[in-house]
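Some notes on the structure that comes next.
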Protein chains: 2
Amino acid sequence: MQTPAPGKRRYEKNRQQILAAARAILLEEGLQAISMRNLAEKVDYSPAALYKYFSGKEEILENLRQEAWALMHESEPGLPPGLPLQEVLLRMARNYIDFATRYPQYYLLVMSPSDNIPGNFEEFLQDPNFMPLIQFTEEAVASGAIRIPQGYTPLHLALFFWFSVHAISTLKVTMMNNCQDAFETTSLEAIQMVMAAFIKETPASFQSKGKRP
Amino acid sequence: MQTPAPGKRRYEKNRQQILAAARAILLEEGLQAISMRNLAEKVDYSPAALYKYFSGKEEILENLRQEAWALMHESEPGLPPGLPLQEVLLRMARNYIDFATRYPQYYLLVMSPSDNIPGNFEEFLQDPNFMPLIQFTEEAVASGAIRIPQGYTPLHLALFFWFSVHAISTLKVTMMNNCQDAFETTSLEAIQMVMAAFIKETPASFQSKGKRP
DNA sequence: TCTGTAGAGTGAACAACGTTTACTAATATA
DNA sequence: TATATTAGTAAACGTTGTTCACTCTACAGA
């Protein structure tokens, strides 16, 4: 009985099938097209049957949200060692923004109101999606690659970075649909400009010891 | 006939009354509580009657959105002359964030998907809510109070500033409900840190000639 | 192998939503 | 005053998420 009973396996398979259909609707027709009836018809179930697999629509969306985070993190390219620090940061930003650009529906879903949101600053700082960035910044500061003004911490710089990337992605997805690359280009330049002000100008490479965000 | 006919005046009064009720629901019960039926009952109308005054729910929300922008801009305190530039910028940021904190429902409404959103970068740059910030930054750079690195423009700095303020406000409203001031304090420090890197350290005052954002 | 029970699956309904339609009643205009 | 406009309504339409009472199937224990 090391493998689950066949009933349980079928159950799990159906569950994944429902999630796959929901994912397909999200990517092809958009977030607002995900309705229980629409979804049920796509998997040849009655709407009520979905409630045998999920407690409700919100649980299905929550699963897709986790998928989105995983997809974004696994699409991170392996950065070649010896890359200048500002290039590393720039690529991190670009990767995040590219994800939002390529999968706007995924990004909209991730940013849509959920019940799973941290309620305070401490929880946010320990969010697995944000913590690596803080760690990365701290290492960079500790190594001397980034110089932080007196009275401030690596957290401040990480926050700024996160703010910028988050704002650019959101704006691109929600407002700048019909725009050329002008917005993204200019925005990334803005990030670059600010980062350059803190990065100690050494062409010497910097490589984080932790896994990158 | 210089004043509108009494029928038209009553019509306009009813319209404003409906908007007032919608505003009350927004502030007291939240954005998701605004429904045509809920609103109709509050103003002692049948739901269908609202369609004699508005083309639909979206038009009502659009009116509230404009209210929100107006309210935010009129709540801007008159800055005393002779204020250091970084203090001016900091207060501008604080004013924006304070508005989102005081009226989270208004802010959520403003940021909710609308049909009136600019579709490209050029329109965005001419948005009356963003243009003053660019103007302000340009004046500050022209006067020498802010130094921009070579190859960059005041627009880059304005974008960064807008990104930060926007991101902080959104995070405060959507995620950081139960948190103390730690998040806002740290975030404002982050803005301050970055701004300080560009502001030429002169205690000499700077006063914009244009109206402030 | 037979049987009883847990559970997969369903049709119908409920409550709420935005909106439309056909209609009445009140008002403004001529 | 007669007429045309328009404010206002009840009822319905087509959605939505969710629940309930009910089958029928598949698996477990005798």
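To find a chain, count down the sequence lines: A is the first, B the second, and so on, and within it residues start at 1.
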Next on the checklist: Pair B:R65, B:S112 - check side-chain hydrogen bond (donor to acceptor under 3.5 Å, both in side chains), show working.
Outcome noted: CA-CA 9 Å; B:R65 265 186 275 263; B:S112 70; 2.7 Å; yes
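- Computed from coordinates, the B:L39 CG to C:dA16 P distance equals 17 Å when rounded to whole Å.
- Look at OH on A:Y11: it is 17 Å from P on D:dA26, rounded to the nearest Å.
- Relative to the side chain of B:N14, the nucleotides D:dG8, D:dG17, C:dG18 differ in distance, and D:dG8 lies closest.
- Nucleotides of DNA chain D nearest to B:L50 and A:S35 differ in position, and the one nearer the 5' end is that of B:L50.
- Under 4.0 angstrom from either OP1 or OP2 of D:dA7 there lies no side-chain N or O belonging to B:R15.
- Residue contacts for B:S46: at a heavy-atom cut-off of 4.0 Å it reaches a base atom on one of the strands shown.
- Nucleotide C:dA28 holds its C1' atom 16 Å from the CZ atom of B:R9, rounded to whole Å.
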Checklist entry - Please walk me through it: do A:Y53 and A:E59 pass side-chain hydrogen bond (donor to acceptor under 3.5 Å, both in side chains)? => result CA-CA 10 Å; A:Y53 294 92; A:E59 190 179 338; over 6 Å; no
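- Contact check, A:K57 against D:dG17: a side-chain N or O comes under 4.0 Å of OP1 or OP2.
- The interatomic distance linking B:E29 (CD) with C:dA16 (P) rounds to 14 Å, in whole Å.
- Map A:Y45 and A:R37 each onto its nearest nucleotide of DNA chain C; the residue landing nearer the 5' end is A:Y45.
- As judged by a 4.0 angstrom heavy-atom cut-off over every strand, B:Y51 is placed among the base-contacting residues.
- Counting any heavy atom pair closer than 4.0 Å across all strands shown, A:F54 reaches no nucleic acid atom.
- If you take CD of A:Q32 and P of C:dG18, they are 17 Å apart, rounded to a whole angstrom.
- A salt bridge between A:E41 and A:R37 is absent, with no side-chain N of the basic residue lying under 4.0 Å from a carboxylate O of the acidic one.
- In this structure, the NZ atom of A:K8 is 13 Å from the P atom of C:dA6, given to the nearest Å.
- B:I60 comes within 4.0 angstrom of nothing in the nucleic acid, heavy atoms only.
- Put simply, the side chain of A:S75 gets close to the backbone of A:M72: a donor and an acceptor are under 3.5 Å apart.
- The CD1-C1' distance, from B:I34 to C:dA16, rounds to 16 Å in whole Å.
- Panel note: side chain A:E58, backbone A:S55; no donor-acceptor pair is recorded below 3.5 Å.
- For B:K52, the side-chain atoms get nearest to D:dA7 when compared with the rest of C:dG18, C:dA8, D:dA7.
- Counting to the nearest Å, the P atom of C:dA8 and the CD atom of A:Q17 are 15 Å from each other.
- Nearest to the side chain of B:A48, among D:dG17, D:dC27, C:dT20, sits C:dT20.
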